[in-house]
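Sequence lines set the chain letters: A, B, ... in the order given, protein chains first and strands last, and positions in each chain run from 1. Small disclaimer: the values here were computed from a predicted structure and weren't measured.
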Amino acid sequence: MGLTINGLKGRGSFAHGVHPPERKSFAGDQAIEILPSPQKVVIPLLQNVGAPCVPLVKPKQIVSFGEMVGKGKAFVSAPLHAPISGSVQKQAVTNLPNGRHVKAIAIKAEGEQLEGQALWDEIYGGQWPKDNLEQYSPKQITDAIYDAGIVGLGGAAFPTHVKYIPNEKKPLDTILINGCECEPYLTSDYRLMMEAPAPVITGALLAGRATGAENIIIGVEDNKPKAVEVLREAAAGTDIKIAVLKTKYPQGSEKQLITAVLKREVPLGGLPLDVGVAVSNVGTAAAVARAVLRGKPLTHRIVSVTGAGIAKPKNLLVPIGISYGELIEYCGGLKEDAARMISGGPMMGFAFADVNLPVTKGTSGLTVLTQSEIRRAKETSCVRCGRCVDVCPMNLVPTKLALASRHKNVELAKRYKIAACFECGSCAYICPAGIPLVQLIRTGKVLVNKADK
Amino acid sequence: MVKQNKIIEPEATGMLKSKKRGYILQAWLVLTLALCFGASLAGVQLTLGPTIEENKINETRQKVPELVLGAEKAQKIEEQGQALFIEPHTISIEKPGKKISYSVYEARLNEELIGWVLKTAGQGYADKIELLLGLDPQAKTITGLFILEQKETPGLGNKIITEAWRKQFINKDTGRQLIVVKKGTKALNEIDAITGATISSRAVTGLVNTAIGDLKGSLVAKASHNQPTKDE
Amino acid sequence: MAENIKKIKTAPVIHVAPSPHLSSMALTTRRMMIDVVIALIPVVLTALYVFRWYAAKQLFICIASCFAAEMIFMKMRSKAFSLNDYSATVTAIILALSLPGTAPWYVGVIASFVAIGIGKVIFGGVGMNIFNPAMVGRAFVMIAFASAMAASGYEDSASAVDAITQATPMDAFKQTGITTSLSALFWGPTNGSLGETSAFACIIGGLYLCMRRTASWEIPTGVIASVVVFAGIANLVNPQSQWTVLHHLLGGSLLFGAFFIATDPVSSPLTPKGKFIFGIGIGAFIMLLRLFSGYPEGVMFAVLLMNALTPLINRWTVPRALGEQ
Amino acid sequence: MSWVTISLSAGTMVGMAVILSYVLGWANKTFHVEVDPRVEAINNALPGANCGGCGYVGCSEYAEAVVAGEAPVNKCSVGGKSCAAALADVMGIEVKESYPYRPIVHCGAHYDDRLGRNEYYGEKRCLAANLVTDIQGCAYGCLGFGDCQVACNYDAIHVIDGLATVDYEKCIGCGACAKVCPRNIITIVPFKAEKILAVTCSNQDAGKDVMSVCKVGCIGCKACARISDLFKMDENLSKVDYDAYPLECSVELMNAVEKCPRNGIVFVGKPSAKDLAAVADEELPEVVEPDFKTTVDDTKWRG
Amino acid sequence: MSYLIDIILIAVGAALINNFVLYYFVGICPFIGVSRRVDMAFGMGCAVTFVISIAAFLSWTITTYVLMPGAPLSKWIAGFFVPADVAAKIDLTILSYIVYIFAIASSVQFVEMYVRKFYPPLYKSFGVFLPLITTNCAILFACLKIMGNIIGVDNPADAWDLGRSLTLAVFGGVGFTIAIVIMAGIREELDLCDIPKPFQGAAITLVVAGILAMAFMGFTGVDSGLQKALTSQAGASTAENKNADINVGMSKFIIENQPIDENIPKG
Amino acid sequence: MVDQPTPLERFVQGILPENPVYRQLLGLCPTLAVTNGMKAAVTMSCAVAFVLLCANVITSLIRNLLKPHLRIVIFTLTIATFVTIADRFLAAYMYQMSKTLGPYIPLIIVNCIIICRCEVCASKQSVLTAASDALGQSIGFALALSSIAAVREILGTGMFFGWRVLPISWPDWVIMVLPPGAFLTFGILLGTVNWIGSYRSEKSGNR
């Protein structure tokens, strides 16, 4: 399938990048299954970029499905809602796969739960209008988004209402819906586009309505021809354009996506807002549609449980706060040779080992890799071959950043623009010496932040 | 213990003039020392100066007998207690756009002109090469060559100071340009290059050629000019 | 520390690690070094063909003493000694190929020890060296044993091997104005350092390296481009010269240097732009030294000079990050 | 002739000296720039060799750095100790009667005490490992990769069986270990006695959570706080109030120590009387206050 | 033309071939001390170049007008006391070292004070290096070299003029700057290397300097090569008459029958 | 104030513990420049010793008259004077050596060792101490110079003090008598001295 970008300025691709094995076949053809309602969920109080939430409920309080249980005080935050009906338990703490250690609200299921097909209908099913959206004012839409606690579901978990609130100085002209899913293994967005394209389209239109942007573009990689077909069909009659992009990692990163589609460069340290673009994941768009049209909060999301280390890879609709262990159990458990569990995809996801950790809003998948898939070779000396420079989508010099981090040389790290790195992992993927470049760069960022304080 | 931690305040509320005098006053020790040292240095100069000058001159002068007579003869003469009469000259010649001066030493034995020694210098491989060249009275043949100063590559270019190499120049006819060849001299005007240091060899030969070319005429003229002087 | 970690879970054993969890296993540094060795094979074969046992002896001396040096110095630093990364092998072969076949045995030994000791280990080992180790070793013996390494040191008129009885092409031209035919320069039956005589072998090996992307194509391109330009200018200024641009390109160790020495990733810049500048600089220095300096060849000094400038080139060619103004 | 040379030499020298001192004196006044008098004083106290050995460009830059408080007074190797003393004098750094400051590692769990540990592949440094979850269950405790050991210039802190352990014989209290610890479990406290009490835990979670990740961590039972005022509870964690630390160890305190069900209150340290004297004229290290929170990064990424 | 060639040769020689640091070993202290960061090294290099030019100017002036035998000023002063021919032989070169070091020290201090007062930003960026330079041997070395080329030459016509002296000084400074900036670049890199502990700091710097000196040795002979190339370009008129017999009387000559020194007894 | 070291301490310190070259890295110009032969190195050391001794003694004599802001001027003046004397003396009685050493004799003026000793010791302590300090430092300097010169001369020419010590078949390491050899030799010797120093302090256990 060729690249189609409908007369947009971009080339459908960006400079550098890598081509990791896609391995989408594990769960790609598995229709989304609805996980039975769990006995207990643990909702971490920090699931978004920005300020943590404060619990609104007390222990032993009874909450119902969709009730708001936590709320942040700051502008950049998103409230939390109960994904099941039940009673609040004593305050808990939990680790998150990204290394944070946060407080959480534990809810024990009580009473009747919304389950099965009813749940699907509630969330993605039913009719999603494509017109008459003018009835919603931009303010109404952003308020609904905030109330529903929607964050970017692609993994970054940036509160969506912040992106959509109109900015006098920097008006948006384009809404980019990100359906690239460039991470290997993961298929949750793909399945969503295949099975529920309508809410995605509606959500995109609503986003356009909220921001006043005229262009609405959905970007999909050219390895998902079926999804493109489905989306084209669903978008018929609207102004939405579907851009088919080159399959390359990290096509789904917002800066790379903007370059590939619009040939605009997000300034260093800036946001897509600075070039008049807002980028949202397809899942986010669907959640926006639901929040605005049905007034329902974000309580569930689609997670692909995939990889060679899992017995039966599946795509699941799961409540937020459910533990990874239950997902694994539902998918038949781990195989003998499973070696690493990853929250998210293998390029940017976080490895974890404790199966009690909860799924959060930003969890797009659970990938289980086997011994044979992960690198076992020992780290060797850097010979400055420059491979990492060749692949860095941000055009940085990762080897220098890693060296600077190892030697705690903050000045050097800044000179080589450590802050521009968004940790896509291309450099560490390609590195012939097996140097943990990304980890070193993250360490370097910590050092730089420390030094700046 | 020096009271160095105190900040030096200029004399309190003094007028500008007194302050100015202050600078000098404060420096009285400097002035005294300058006076003493200056005077004593001049004394040193007056005591040692002549010796140094002599060293400088002798450096060249000592080589003159060997260069015009050859090592054996020079020694013989020394043993006999005879001394050469050496008279230094400066000869300037004018080339297009340039005036070049040479130091020339006229060597006489028993009032008889027995040869010339020229001092010349020029670019070698690494740095300046300075050499002395001995010529017979009529400036027809080379009687000796000595390298005064050179910084050629040790092990290669600095072999120009070896006697074995310098010997080649002795008895060469000044009528033709000397040419450096690689191995095995055939013609009379050919000089063997030092293995691996052709540039240094060429540099020396070139200096010799130029010096002879520049001075031959004047030396011949001078020799004949001096002849009558001797007769008188 | 890892062995102390008690495995808490039995099967399956889960471990944790930072992202990314996938890695391209297509290439390792060891593989890159082996690539260089493979690329050097045609050059080594030509050297063996042209110089016979002279080449064999020199290769043996350099490889043996580089290994010995690596072992001794690593022991001094109390680090594990391993030849597994092949870096010592590469240094040894390149060093041997850059020496004259006639050089006495101690030249190879001292060059190897200097290359490994002062060229590499003192900077912290593989990947840390500022200068190309082989060239450090060669420069050391070049200056130390000037008579054995100067142009005339290559010749031995009594030798049974044909090539060694002639003067090296560059020297022959500089001294006597005799030009060597281009075909001889291309195929390699001439005198010179072991590896430099055959332009053909260098190009074959070099192209392999560039195709494998073990060597960046920017560097040889830069070197050749700037040599062409400067040699062209020199020819224009002095049109009578028999030593044309092509002679400059094929003669001497230019191609060997451009493909095998200058492309050493450790001592060359990181970014494509920097690599190109690096190549151009090497070419310019080579021509400067060839035309004006006392040495007939300038590749080694040019590489060392540009190695010294590499940190500055790196500093000045920090690439523009995406979105940077 | 000779007397002319002598007098002319002497005259030239004197003339030169006069001109120079005059011109420079005048310039010094005319071009005078107001500077902190202390800078000038330090400049005068410094040797003026301008050797650059201190890492600064010339003596005056070093003087400015000293006055600005950026540089310690003992950097001048040419001037040596007396110079350092002179600088300290100018700077008015009073050598106070003080207690030696020493680090305390607020974690007591060795490898076997920690639960939920998993094999870890990656950069073996605390700072880097702190960004990866589930290396061990406890998100507060010592990671044991030895960043502090590397940071210590005095070979005074070692990772022993997975836990950073201070060698108080060698420690001089510079605070380098505390600065590098990414989990901030090392604090620098005044040692008012040869041995001092410390709570060897930093975990602020509830007792149940602590028990699930550690065999020895503080469970916030408040047993110690009930016995002695010296222990203050803060977020499920007992802390020693070092400001109120008594010079003599009372029976009450010993009781509190014995009461701790996790044996998490221990005596650490061994600075002798000699130490006390030795540190008298040393620069006081910056006291690093404990900051009990897991310090994972705040890196933002989207995509 | 030949003057220009001369200048070019002096410049190339001072900057590259006989680099002050890597060939003459002068200015080693700042070369090792202030080569930790590139910007500092560059500032140092600029400051040295600046001061070295001033010093060269002063030393040339003082040597020519005061110190050397027969210098106008000392001749004039001595003329009041002794006959003119004696006055012309007054030799004050013994004072040269003291005079140079004082000229350097005071001019440096003066410039420093001046810059500090009137150009604070400039002072910030490179004035701080000025005091460091007073004791920099490179400056005194340049003065001595110039002196050597004024009074050390055999005949007065070869004595360097101001232009040549300044060229030597400026390009000596440029050579110093090149060396120290390269070294600083390398040392920034070395900070990231795993250098054996005993070699950290000065030792590795010296080893690197050794390798640099080896690399710079490649330039040996560039001056003679250049000279040949330039003179042959300058026109065939001055070209050497190759293979021709030596022409006697080709050039006009003047014979000055003048003994070099009368102090030395002849014979 | 800190106690000033005694004359004996000063003397001993200068030789190894505070060796001007290996420990304080002072006076590197001559260390590198004149160490291609033992003769030159020893002559240089003697010249430095002479200047250092005289400067130290004079400074010590007038130490009570020194004004802080003029002290460097006076040191320089004194040093320059004695250097000139040393220079002329060499030129008069060791002409060849003086030519070999060239400008490096006058460059003693800016040799940091001397001004450093004047500052640290002579301007604060008695004549006796200053003199023994000067002697100690000079011996240290001479040791350093001759160690480097020995390595360079033996490897570079196979000779020691002009006497052949290595067989005639020894291939001269010409690089050793050239500038790169100076840097490399000194660098490696310095590293070795550091290594021995750290090894010994490690052994004695006081770090």
Side-chain angles (χ1 to χ4, degrees), chain A residues 15 18 20-21 184 255 259 265-268 270 309 334-342 346-353 367 369 373-375 377 380-387 389-390 393-397 399-400 415-417 420 423 425 428-434 436 438-439 442, chain C residues 8-33 35-36 82 84-85 87 90 124-129 213-216 218-219 263-275 310 314-315 317-325:
Chain A
V18 289
K255 286 183 182 178
T259 313
E265 285 187 11
V266 180
L268 216 58
L334 298 180
K335 284 190 188 163
E336 272 298 291
D337 58 349
R340 202 174 285 173
M341 296 189 290
I342 301 154
M347 294 300 283
M348 283 181 80
F350 298 98
F352 64 95
T367 314
L369 299 180
E373 283 170 298
I374 52 180
R375 182 180 208 119
T380 53
S381 309
C382 172
V383 293
R384 310 188 205 174
C385 64
R387 287 286 196 289
V389 184
D390 292 343
M394 291 303 292
N395 213 1
L396 304 174
V397 188
T399 170
K400 279 277 172 190
R415 193 191 306 150
Y416 281 92
K417 295 162 280 202
E423 299 160 21
Y429 170 79
I430 206 79
C431 180
V438 174
Q439 191 185 21
R442 293 182 68 195
Chain C
I8 288 165
K9 290 196 176 61
T10 50
V13 181
I14 298 292
H15 24 71
V16 290
S19 67
H21 306 283
L22 289 182
S23 64
S24 154
M25 279 173 259
L27 192 77
T28 57
T29 43
R30 188 161 160 263
R31 174 66 223 222
M32 288 173 73
M33 294 293 179
D35 266 346
V36 180
S82 100
N84 240 346
D85 59 8
S87 68
V90 169
V126 186
M128 307 281 190
N129 43 303
R213 304 203 56 227
T214 298
S216 333
E218 290 95 342
I219 296 175
T263 51
D264 168 26
V266 182
S267 50
S268 57
L270 284 165
T271 60
K273 196 172 145 198
K275 283 171 179 164
T310 297
N314 269 338
R315 200 186 155 91
T317 56
V318 179
R320 190 192 74 95
L322 187 78
E324 192 183 3
Q325 250 70 59

* CG of C:L322 to CG of A:L268: how many Å apart, nearest 0.5 Å? -> 8.5 Å
* To do: Give, for atom CE of A:M341 and atom NE2 of C:H21, the distance between the pair rounded to the nearest 0.5 Å.
  => 11.5 Å
* Asked: Any side-chain heavy atom of C:S19 sitting closer than 4.5 Å to one from A:E423?
  -> no
* About how many Å separate OG of C:S24 and OH of A:Y429, when rounded to the nearest 0.5 Å? -> 4.5 Å
* **A:R340 vs C:I14, side-chain contact (heavy atoms from CB on, under 4.5 Å): CA-CA, chis, key distance, verdict** => CA-CA 5 Å; A:R340 202 174 285 173; C:I14 298 292; 5.7 Å; no
* Apply the test side-chain contact (heavy atoms from CB on, under 4.5 Å) to residues C:T28 and A:T380: give CA-CA distance (whole Å), side-chain angles for both, the deciding distance (0.1 Å), then the verdict. => CA-CA 9 Å; C:T28 57; A:T380 53; over 6 Å; no
* Taking all non-hydrogen atoms of both residues into account, name the closest pair between C:A17 and A:A351 and its distance. => O-CB, 3.4 Å
* Structure fact -> Among A:D337, A:V266, A:I430, the residue with the most heavy-atom pairs under 4.5 Å to chain C is A:V266
* Is there a donor-acceptor pair closer than 3.5 Å between any side-chain N or O of A:K417 and the backbone N or O of C:P319? -> yes
* Asked: Would you call C:V318 and A:K400 a side-chain contact if the rule is heavy atoms closer than 4.5 Å?
  -> no
* Asked: So which of C:T271, C:V126, C:V16, C:L22 has the biggest tally of heavy-atom pairs under 4.5 Å with chain A?
  -> C:L22
* Structure fact -> Note: A:G425 and C:P20 closest approach over all heavy atoms is O-CG, 3.4 Å
* Asked: Of the backbone (N, CA, C, O) and the side chain (C-beta and beyond), which part of C:R30 lies under 4.5 Å from a heavy atom of chain A, both, or neither?
  -> neither
* Asked: Under a 4.5 Å heavy-atom cut-off, does chain A meet the side chain of C:N314, its backbone, both or neither?
  -> both
* **Heavy-atom contact with chain C under 4.5 Å, split by part of A:T367** => neither
* Judged by atom type as modelled, is there a donor-acceptor pair below 3.5 Å linking the side chain of A:R384 to the main-chain atoms of C:G127? -> yes
* Structure fact -> If one checks every heavy atom of A:R415 against chain C at 4.5 Å, the contacting part turns out to be both
* Asked: For the side chain of A:N395 and the backbone of C:R320, is there at least one donor-acceptor N/O pair under 3.5 Å apart?
  -> yes
* C:L270 side, atom CG; A:C385 side, atom SG - distance, nearest 0.5 Å -> 9.0 Å
* Asked: chain C: which of A:P184, A:A420, A:A338, A:S381 shares the most heavy-atom pairs with it under 4.5 Å?
  -> A:A338
* To do: Give the member of A:K335, A:E373, A:M347 that has the highest number of heavy-atom pairs under 4.5 Å with chain C.
  => A:M347
